[in-house]
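These notes are about the structure you will find just below.
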Amino acid sequence: MQIRDRYAPSPTGLQHIGGIRTALFNYLLVRSQRRRSGEGAFILRLEDTDRSRFDRRYVQNIYDTFDWLRIHWDEGPDTGGPAGPYIQSERLELYKKYALELEAQGLAYYCFCSPERLERLREDREAAHSSQSGYDRRCRDIDAGEARRRAGAGVESWTIRLKIPLGEYTRFHDRILGDVEWKNDDINPDPVLIKSDGFPTYHLANVVDDHLMGITHVLRAQEWLSSTPLHVIMYGAFGWEPPEFCHLPLIMGTDGKKLSKRHGTTSIDEFRSQGYLSGALINYVALLGASYEEGKDIYTLAELEERFSPEKLNKAPAIFDYKKLEWYNGVYIRMKGDGELAELCLPYAVKAGLFGGPGQEPNEEQRNLFIRAMPLIRERLVYLNEAAAKLGYLFTEPEVPPAEEFIPKKGDLAAAVTLLRGGRELVKPLAEAADDETAETLIKDYAEKNAVKLGDLMMPLRVAITGARVSPPLFGSLRLLGTERSLERVDRALARLS
Ligand code: GLU
């Protein structure tokens, strides 16, 4: 069977962890099958029927996010395809047609209840501490002919509601959860299919589109599970075969509560501006609620495509651990070569003003220096946006810190000056040393001969060169700055100290 599945976001908010996991699993399901049989399609469908919360910038955010993640759909609003349009607001006539079809068969009905009445109903029930919620089905028994006449008269505003068969059960099979059974009387009472603004609700548009677009598998967050019985009733009412359902495990924070802003950011934009690599994010998100291979943590997208299947998905909730994601980011950073890592860090460094001011692009020389500086920070970088702060001293002359910063633990200013003078003698050989080992031997020999502690010797020199006690490696920094610039810095520090 050819698998067709979809990611169906509503452009009512920024893309977040839960959303991209849904998209990723749908993408992987199709890709894994395509590797075997060459068939299948992953579809993007924009569910933009909630006009009050719609915003165009959320649509753009969907495109930007998946561009960045390098996850591409086979059919969608931008790519086109045989089942389009892929934007629900461009399919309004279709939904109306199908809703009217159900109405004509007595499976749906016109409702004339005003928003005010529904609000009052809700308030009255609340005041009476009633356990009932949702619509009271007041218009369900209006004679159909009468209702059509009223709707056609164009005076009253109306909606169309699904007539849920009462006193029955709805059953479906979920690929992860197994057999699910729902008492119809417990389903959201007669949900609206067509709203008074003529737009369909999520339920109607979702079912109609999944059918018309030939969707075979619905992988979506477990939050939607309670909507599924309703959808199954609609498939039945239309006489359509429902797709295979697969409700993905919930995502929790480490405290066991549903992941939300309280735990930290969940917006992909924010992860991105913080300096996460898309590969790290994909790798980690692909493991949220799935297990592939014992003892293997790192997966490229291609490896995930090879391994994914719904059988790898767990029932139990997934835990989103920011620390673990951070670890992944570090691992991915360390897998990059100098050139590639520099390319990744560059936009952040430009924004931070590393090359002469915010937004200033590097010149040729600065760019080369930036690339050559990558080995100095690769091991310590957690986020891509940290490069500018760590490497500032290579691009701008650091201020000479206050004298205390130069003074070793059991020493005084005089000792610091002596040590730094010693360090000065070493600048040229260290800056010209072929590598770290050579530099280390040099400085160790010097420390031994002069009976000073290696640490005490290095510390004032480090402060003079980098402007701080904690910095990227000293030897590499000296090599990048060169003898002349390094000596200037030491001399400036000495002048300040004496
Ligand atoms: N538009 C829904 C959402 O925003 C789609 C849910 C589904 O996949 O059926 O998540």
Side-chain angles (χ1 to χ4, degrees), residues 3-30 41-63 65-66 71 73 75-77 83 85-92 95 162 172 174-177 180 187-188 191-193 195 199-235 240 242-251 258-260 266-268 285 288-289 310 313:
I3 292 182
R4 288 175 64 83
D5 66 15
R6 51 36 172 209
Y7 178 48
S10 301
T12 53
L14 295 172
Q15 291 299 297
H16 54 82
I17 290 292
I20 68 163
R21 184 190 60 166
T22 299
L24 180 61
F25 284 174
N26 277 287
Y27 168 90
L28 290 175
L29 177 62
V30 164
F42 168 53
I43 295 166
L44 174 74
R45 181 173 74 223
L46 295 184
E47 300 207 328
D48 60 344
T49 56
D50 182 349
R51 299 316 282 180
S52 60
R53 290 164 61 216
F54 171 84
D55 194 320
R56 197 175 296 277
R57 92 193 151 94
Y58 297 137
V59 175
Q60 193 54 46
N61 180 249
I62 293 169
Y63 294 131
T65 300
F66 289 96
I71 291 180
W73 33 86
E75 297 172 26
Y86 296 90
I87 302 182
Q88 288 188 328
S89 60
E90 294 174 12
R91 303 167 64 83
L92 298 184
Y95 308 126
L162 182 67
F172 60 92
D174 183 278
R175 186 88 173 248
I176 300 180
L177 303 172
V180 180
I187 297 174
N188 171 10
V192 171
L193 301 180
K195 296 183 271 190
F199 274 74
T201 53
Y202 154 71
H203 301 299
L204 175 66
N206 190 270
V207 165
V208 167
D209 284 348
D210 279 349
H211 174 71
L212 295 180
M213 294 180 181
I215 300 300
T216 58
H217 292 70
V218 168
L219 274 66
R220 65 181 165 207
Q222 229 176 75
E223 284 88 338
W224 298 101
L225 184 64
S226 62
S227 297
T228 307
L230 200 99
H231 297 182
V232 172
I233 290 175
M234 285 165 69
Y235 280 104
W240 297 336
E244 187 167 327
F245 292 105
C246 188
H247 288 91
L248 305 172
L250 295 168
I251 306 178
K258 198 179 157 210
L259 187 70
S260 75
T266 62
S267 132
I268 306 308
V285 166
L288 289 176
L313 298 174

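All ligand and atom numbering here is 1-based and tracks the order in the structure.
A distance of 10.0 Å separates OG1 in T228 from CD1 in I187, rounded to the nearest 0.5 Å.
No donor-acceptor distance shorter than 3.5 angstrom exists from the side chain of T266 to the backbone of S260, with no hydrogens or angles considered. Remark: side-chain polar atoms of D174 are paired, donor with acceptor, to backbone N or O of H247 under 3.5 angstrom.
In this structure, ligand 1 sits under 4.0 Å from heavy atoms belonging to R6, A8, S10, E47, Y202, N206, R220, W224.
Using a 4.5 Å cut-off on side-chain heavy atoms (C-beta onward), T22 and Y7 make contact.
The aromatic rings of H211 and W240 lie parallel to each other, with less than 30° between the two planes, well short of the 60° mark.
When ring centroids are compared, H231 and Y202 come within the 6.0 Å threshold.
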